[in-house]
Amino acid sequence: MKHTVSVLVANRSGVLARIASLFSRRGFNIDSLSVGTTEDPTVSRITIVVEGDDQVLEQVTKQLNKLIDVYKVSDITNDPSIDRDLALIKVKATSSTRSEIMQIVDIFRGKIVDVATGSLVVEVTGNEEKVNAIEELLRPFGIIELVRTGKIAMARGEK
Amino acid sequence: MKITGAEIIVKSLLEEDVEKIFGYPGGAVIPLYDVLYEYEEEIEHVLTRHEQWAIHAADGYARSTGEPGVCIATSGPGATNLVTGLATAHMDSIPIVAFTGQVPTHMLGTDAFQEADITGITLPITKHNYLVQDVKELPRIIKEAFHIATTGRPGPVLIDLPKDIQNEEAVFDYPTEVNLPGYKPNYTGHGLQIKEAAKVINEAERPLIYAGGGVISSGAADELRELAQKATIPVTTTLMGLGSFPETDNLALGMLGMHGTEQANYAVCEADLLIAVGARFDDRVTGKLETFAPNADIIHIDIDPAEISKRVLIDVPIVGDVKQILTELNEQVEGKEHKEWNKKVANWKSKSIVQKEPLQDKVTPKGVINQIYESTNGEALIATEVGQNQMWAALYYKYTKPRSFSSSGGLGTMGYGFPAALGIQVGNPDEPVFCIAGDGCFQMKAMELATAIHYELPVNIAILNNNYLGMVRQWQEIFYDKRYSSTCLQRRNSCPPNCSSPGDQCPELVPDFVKLAESFGALGIRVTKAEEIKPALEKAIASPKPVVLDFIIEREANVFPMVPAGGELDNMILGGDE
């Protein structure tokens, strides 16, 4: 099962390397990982999606907690939370397919951010399933390039 | 007043009450060594003959004294030579602060001369590491390093020091406190969990204590003994736990696991409660996981929450400091005798092959180690190498005090024992120190005899010499149809190919350890007859020089009992009489 782990760390050089090293050495597989600073510039938040059963996740959490630069680890998989992925998709577009693509993008509340003679770049945000869905719908037109941020997440409410 | 980074380092070491350090100079640490030259009276620097031996010596110093070991190496190859020592200390949770030189900050990342990314290399084998990039941060970093190395679950910390940082100046103001929001070890055990553990212990009919190195690092040997004696619970220890419970006590079962005693392994299999204290269920301890302690509930007391249920599911976990938890637990545990159970355990013990008297007509590992015990009145501080010598030293010597046994348990580092013994002697100048070694291990670092002479350290090296890499040879004998592939150390090219039958036709032993010892100015003694063991040991103990004792044992001597890797603990190979 996939777990979303939110990790608060010191915003210091080498911290990401420590975390990546821990995952590779212990044989935990990272599905996606995103890093960014928080409201406190000395602290960064890393959102990691990791595949594994409860025992694997327990070890991931405990081993992360042992790193000196890690302040807090929370598994927010089962907590009420908002998670978002952002994707940029460059898709082939001809005069005959362009409007159909734009309709699909509209339905997903995405944006066209670049138009060229033979292609469009689509920006879409949403949870993982939503981004997967638009990717599938655009695939038949011919996806030239695709980039995704990986999941970022936040617990709902005041927590 | 501003002082240089190098002076800041030395003054910080003095603030941390460091008296002995081990190291090896080089280009990137000359500024630091220049300051050490000024402080020779306050801090003794022990120059080993290789950086790896410096960190093993610091490790032996730490294990035997309880104080953090400190070592220094230069950048690049000096730093990478510390890698095995850091991994050794990391696996066994030994507090070490290692300083490495580094190229100047403006040259970092340019593949400069003697540059190695040592913080990157040592990420998974240190508890934490630092690359100092601003001289003003040095005092804080050194304070944190000692704090992290010695608290919680101890471990090695590395500080990488670019050369320019050692020369730049800053005001020295050593912090009195550390501020580490990501590092707050939990020392106090959960009250309800302790209560639950006491209840389970009070109800158990066949309880067994399984004590590990955590008892020693926590300083909880007295509390452990109180628990065992109050409720009459037999105690087995891990390799790392040797000395945490006196082997002379009736309740002591010796070591468990792959080369554990019969009584310890049978007791694990029959116990209805296993009380694991400061231990981590290593594969060499558990054997086959599915059948480990099959009839027992398990209480696990450990400072490291990541060890709970890592390999074996735990019924009653208690995270915290072993000493504090045992103190609380002892108040709630009832006095009990467990007569039937202890009778059964004593019966196993009385029949154990480990307990048998050694053969009188041969030089045997048991005969040698028993005599070391006798000749030092059990007061020796023992370091071991790795392999057969290590297991014999663990099985036959009766450890009665914590910190009297130092051995690379987790990593199994050949070449650890002799430099560790030097560190032990540096930390304990008045105690008899023995390194129990094999001839293979000793050849990995025999040059350290120079260090022993240099610092006039009267260590005794007892080589159990079979001219084989004995433990691998034993596996080859038992599991690989006696195919002694690359394990004979006596071999010459002119020997028959694929030889598996050592005998009178074999060439001379190589090297001649007596002559080797003499070439350094140490004393060398060869022992080939059983009656020579005692006088040789007495001569060695009386000698103010380092002594190499070359005990010629049977070439194919084996360590028994033995549980094949991944086997069940009660399915031991007991072998013949050794």
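Letters A, B, ... mirror the listed sequences (proteins, then strands); counts begin at 1.
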Taking every heavy atom of A/Ser21 against every heavy atom of B/Leu123, the minimum-distance pair comes out as CB-CD1, 3.9 Å
For B/Lys184, does the NZ atom sit with more than 12 other heavy atoms under 6.0 Å from it, leaving out its own atoms?
yes
Given B/Leu313, B/Leu180, B/Ile308, the one with more heavy-atom pairs under 4.5 angstrom with chain A than any other is B/Ile308
Should we say atom CZ of A/Arg109 is surrounded by more than 12 heavy atoms from elsewhere, each under 6.0 Å from it? no
Note: A/Gln63 and B/Ala306 closest approach over all heavy atoms is NE2-CB, 3.7 Å
All heavy atoms of B/Pro181 vs all of A/Tyr71, minimum pair found to be CG-CE2, 3.6 Å
Quick check on A/Asp54: does its CG atom have over 12 non-hydrogen neighbours (other residues, nucleotides or ligands) under 6.0 Å away? no
Quiz item: Does a sphere of radius 6.0 Å around NZ in A/Lys130 hold more than 12 heavy atoms from other residues, nucleotides or ligands, not counting ones at 6.0 Å or beyond?
Solution: yes
### Non-hydrogen side-chain atoms of B/Asp304 and A/Lys62 separated by less than 4.5 Å
no
Heavy atoms of A/Asp69 and B/His128 approach each other most closely as OD2-CE1, 3.7 Å
Can you check whether B/Asn129 reaches A/Arg18 side chain to side chain, under 4.5 Å on heavy atoms? yes
Self-check item: Within 6.0 Å of CD in A/Glu129, more than 12 heavy atoms from elsewhere
Solution: yes
Bottom line for B/Leu131: the part with an atom under 4.5 Å from chain A's heavy atoms is neither
Turns out that what part of A/Leu8 lies under 4.5 Å from chain B's heavy atoms comes down to neither
Taking C-beta and beyond as the side chain, do A/Lys66 and B/Lys127 meet within less than 4.5 Å on heavy atoms? no
query = Got a sec: does the CD of A/Glu145 have more than 12 other heavy atoms crowding it under 6.0 Å?
reply = no
| Is atom NE2 of B/His147 surrounded by more than 12 heavy atoms (other residues, nucleotides or ligands) closer than 6.0 Å? | yes
* Asked: Does CG belonging to A/Asp40 count more than 12 external heavy atoms closer than 6.0 Å?
  -> yes
Note: A/Gln55 and B/Ser309 closest approach over all heavy atoms is NE2-O, 3.7 Å
